[in-house]
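What follows is a short report on a single structure.
The model shown is predicted, which means the values in this text are computed figures rather than measured ones. Labels below follow one simple rule: chain letters A, B, ... track the order of the sequence lines, proteins then strands, and each chain is numbered from 1.
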4 protein chains.
Amino acid sequence: MIKPPNPQRRSQKSHDAVLAAALELCAEEGYGRVTIEGIAARAGVSKKTIYRWWPSKGAVVLEALHEAADIAAPHPDTGNLAIDMRTQLAAVISFLSPPSHAPLAGLIADALSDPELAGLLRERLIRPRIAEFEQRMRRAQEQGQLHPDANLDIALDLFYGPLYHRLVFHLGLPEPEYLDTLIEHVIRALTSGEPSRSA
Amino acid sequence: MIKPPNPQRRSQKSHDAVLAAALELCAEEGYGRVTIEGIAARAGVSKKTIYRWWPSKGAVVLEALHEAADIAAPHPDTGNLAIDMRTQLAAVISFLSPPSHAPLAGLIADALSDPELAGLLRERLIRPRIAEFEQRMRRAQEQGQLHPDANLDIALDLFYGPLYHRLVFHLGLPEPEYLDTLIEHVIRALTSGEPSRSA
Amino acid sequence: MIKPPNPQRRSQKSHDAVLAAALELCAEEGYGRVTIEGIAARAGVSKKTIYRWWPSKGAVVLEALHEAADIAAPHPDTGNLAIDMRTQLAAVISFLSPPSHAPLAGLIADALSDPELAGLLRERLIRPRIAEFEQRMRRAQEQGQLHPDANLDIALDLFYGPLYHRLVFHLGLPEPEYLDTLIEHVIRALTSGEPSRSA
Amino acid sequence: MIKPPNPQRRSQKSHDAVLAAALELCAEEGYGRVTIEGIAARAGVSKKTIYRWWPSKGAVVLEALHEAADIAAPHPDTGNLAIDMRTQLAAVISFLSPPSHAPLAGLIADALSDPELAGLLRERLIRPRIAEFEQRMRRAQEQGQLHPDANLDIALDLFYGPLYHRLVFHLGLPEPEYLDTLIEHVIRALTSGEPSRSA
DNA sequence: TGATAACCGAGACGGTACGTCGTGTCTTGTG
DNA sequence: CACAAGACACGACGTACCGTCTCGGTTATCA
């Protein structure tokens, strides 16, 4: 993963079988009950092959998630920031529901005690989404829906923070109505008054 | 924990030794590397004794954390909401640093795939803090620092969400300056415009 | 084996099941194809239990063989040394046939590269047989069938050496007629001329 | 070995490197710890190349031993059978010492559960030595040092058996003095009385 | 003031999964 | 086309913890 021994020699068939098996097992058993042995057995692959290309169960699931790309809900741009953010946040929420079976929730859990996985998670999965988020914010700034000096780091934290706060403490992911209220507050925080500079 | 066999016969000495050992091992090895066997050995207690009183490693650490009470930084009330929230959030941040060794981070991780632990975490550790937070908010409302109709659920999510968002994706916990900006935005979101009712 | 953790707590049932499974599998598959995993599975026992009490597969089979005691053919004493040795050597030969399935042959093979097993094999299985052999020799000396100064170490090597020589080089274990000739020669070597002292 | 694919295309360089690596590793680690992977790595040769020409680790070591030829101590002929046999047996003993590192001991161990290797060992390494032994015995008969009807199979077993008996049960290979006594007994067995016919 | 029942330490037990190693086969690309 | 390099499926290794389960030995109510 970090340094594939020799990418050219890699068997595409095994690679794909592993990722498919990982997602299937996550769906059937929940991330927590998935094991590398189980993935290997389901994929018809030896454990050694998995260990050769991925450092941990989390790395496998992460790549599977990445390839499945169904997290890649791109930020819509209808011209209305509030509506677009609601669409986007709802997509993320459905991707995290139910927390007990959402592979991403499992990755978050493992990453909390595995710095290597944490790095992969951040760089491969999260950073690209943040970049897309920032693009959308900048378009909002151009369109005058957001103050041109709005702090985008703050924006990110305020929009997405509540989701993960509620996720980790099992407070229930936001319902649509609550989501609207939340977005309304965040946009207000970003547009009124004298905003600070982006970090 | 949920149903102690006979609370009266419980050995205080063993109980304390287990909790102390749990915290020591978390500090030394990190939550993830702590095992019930390790706790039992360190505490000079049999595994059976642990299983008699707690359902899981997480429950032990949770109770240890609860007794240690150093999370229980109560909300200060200097009359200035922004300053008090900064104090409070900084306390929580230091309690979560470094994430790889903070027992609470480990509990969050385990709770993501253990509904029983999730319930304990929410009810024993988090709900009381939320109650304290809401008390402080209500005082701010009485003092006119917050709109009397401010939505306190939203307030909670906006104040604390960014911490956990940054925690789970390893984006770095907020630095003091960033924290100030954040608080400034949140208070603005809660005070300007026409807020919605509390859920 | 060398230092049982706590013999009192040992489960007799598991102990017996392991030894029985070991012998069964040796008989079915041959010593070389027996694995600790296989023994554990057949015995309905965890691998850890085997590793707790025995250091190696060989040690298990050795103890099984020891308990089975069918190697323990005691030296007969009809008063005729040649006849008795033929009986005894034939018993050992049948115990080593066929070499590919005889557990003892497997033990010999493993012991050649495992000093710990070699020690167990020598002390538990072989030394007692040597002691019995020497008792029989001494009775022969008392009965005048053997020179009173006959060197019993030499006697042991001459009587049994040919068996193992033929075993290890797959020269075919001695047939009855050849065995008689052999015994005749050995007894002659031990009785004629001026023998040296026992070492 | 048994059926080389195409002896003409065989790379002499690889062939030699494999045999040299095999002997080096036996000397460094002991036969038991040598692996085909290790030999391939040391020799700078692919595993496939080894499997193409030899059926097993044992076959490689056997051929290496055969080529090294230092086992080929030919039977000396000073005219004194006892002295010559002592010289010869001492050479074999030194070749088997220490048993834990002697490649031949490893071959014997493997051959006990590998009929193919057993065949190679017997035919390539042992039969030629037996032939040399028998030549020497026949010269002894011609010189009157041995009865002309002495049974040479018996002679072989009596001379060499004790070595392997002591080897397999780790009773300690014979010391020089003991060796003399042994030879004395064997020659006596073969010369006195009325010997039986050769088989 | 015993009896008696719970808790206690110690740790063996059947399991599951781990991550590693070596096997023998197969594939790819080079000389 | 033999070769090196090494990926592959397989299977066993020996280890670590899990959660359950005896064991005797305190220990602390109650009879």
Side-chain angles (χ1 to χ4, degrees), chain A residues 4-15 17 33-41 43-53 55-57, chain B residues 4-11 13-15 17 33-41 43-53 55-57, chain C residues 4-15 17 33-41 43-53 55-57, chain D residues 5-6 8-11 13-15 17 33-41 43-53 55-57:
Chain A
N6 188 338
Q8 284 73 41
R9 291 255 188 275
R10 188 164 189 169
S11 155
Q12 191 62 41
K13 203 174 61 154
S14 295
H15 179 93
R33 313 195 71 81
V34 174
T35 65
I36 290 198
E37 295 217 321
I39 296 172
V45 141
S46 77
K47 287 200 294 176
K48 177 136 198 176
T49 295
I50 296 183
Y51 284 112
R52 181 152 35 219
W53 301 107
S56 62
K57 170 179 84 165
Chain B
N6 187 341
Q8 286 73 41
R9 314 279 307 239
R10 186 165 191 168
S11 155
K13 200 174 62 151
S14 295
H15 179 92
R33 314 194 70 81
V34 174
T35 65
I36 291 200
E37 296 216 323
I39 295 172
V45 141
S46 79
K47 281 164 56 176
K48 176 120 198 179
T49 298
I50 296 184
Y51 282 111
R52 179 147 39 216
W53 302 105
S56 63
K57 168 180 85 164
Chain C
N6 188 339
Q8 284 73 41
R9 290 254 185 275
R10 187 163 191 170
S11 155
Q12 190 62 42
K13 202 174 60 154
S14 295
H15 179 93
R33 314 195 71 80
V34 174
T35 66
I36 290 198
E37 295 216 322
I39 295 173
V45 141
S46 76
K47 287 200 291 175
K48 174 124 200 181
T49 296
I50 296 183
Y51 284 112
R52 181 151 35 217
W53 302 107
S56 62
K57 170 180 85 166
Chain D
N6 186 341
Q8 285 72 41
R9 314 275 313 230
R10 187 166 190 168
S11 155
K13 202 174 61 151
S14 295
H15 179 92
R33 312 195 71 81
V34 175
T35 65
I36 291 200
E37 296 216 324
I39 295 173
V45 139
S46 79
K47 282 163 58 178
K48 176 119 199 181
T49 298
I50 296 184
Y51 283 112
R52 180 148 38 219
W53 302 107
S56 63
K57 169 179 85 164

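- In this model, the phosphate group of F:dA9 is approached by a side-chain N or O of A:Ser46 to a distance below 4.0 Å at OP1 or OP2.
- When rounded to the nearest whole Å, the span between CD of C:Gln12 and P of F:dC21 equals 22 Å.
- Applying the side-chain hydrogen bond (donor to acceptor under 3.5 Å, both in side chains) rule to C:Thr35 yields no partners; only residues at least two apart in sequence or on another chain are considered.
- Counting all heavy atoms, side chain and backbone alike, D:Thr49 lies closest to D:Ser14 at CG2-CB, 4.4 Å.
- Look at A:Trp53 and you'll find a side-chain N or O under 4.0 angstrom from OP1 or OP2 of F:dC8.
- Remark: C:Thr49 is in phosphate contact with E:dG14, judged by side-chain N or O atoms under 4.0 Å from OP1 or OP2.
- Within the 4.5 Å cutoff, the side chain of D:His15 has no heavy atoms near those of the D:Trp53 side chain.
- At E:dA12, none of the side-chain N or O atoms of C:Arg10 fall inside 4.0 Å of OP1 or OP2 (strictly under the cut-off).
- The two atoms that bring B:Ile39 and B:Ile50 nearest to each other are CG2-CD1, 3.8 Å, heavy atoms only.
- At least one side-chain nitrogen or oxygen of C:Ser14 sits closer than 4.0 Å to the OP1 or OP2 atom of E:dG14.
- Whole-Å rounding puts the B:Arg52 CZ to F:dC21 C1' distance at 12 Å.
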N/O to N/O distances under 3.5 Å, protein versus nucleotides 15-17 of chain F:
none

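- Of all non-hydrogen atoms in B:Ala17 and B:Ala43, the two that sit nearest each other are O-CB, 3.5 Å.
- Side-chain atoms of B:Lys57 come within 3.5 Å of backbone N or O of B:Val34 as a donor-acceptor pair.
- DNA chain E is contacted by both A:Lys57 and C:His15; C:His15 maps to the nucleotide lying nearer its 5′ end (nearest heavy atom per residue).
- Among all heavy-atom pairs drawn from B:Ala40 and B:Ser46, the shortest one is CB-C, 4.2 Å.
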Please produce a list of atom pairs where a protein N or O lies less than 3.5 Å from an N or O of nucleotides 23-26 of chain F.
unit_1 : atom_1 : unit_2 : atom_2 : d
F:dC23 : O2     : C:Arg9 : NH2    : 3.1

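- At the heavy-atom level, C:Gly44 lies under 4.0 Å from the strands shown only through sugar-phosphate atoms.
- Rounded to an integer number of Å, the gap from CD1 of B:Ile50 to P of E:dG11 is 15 Å.
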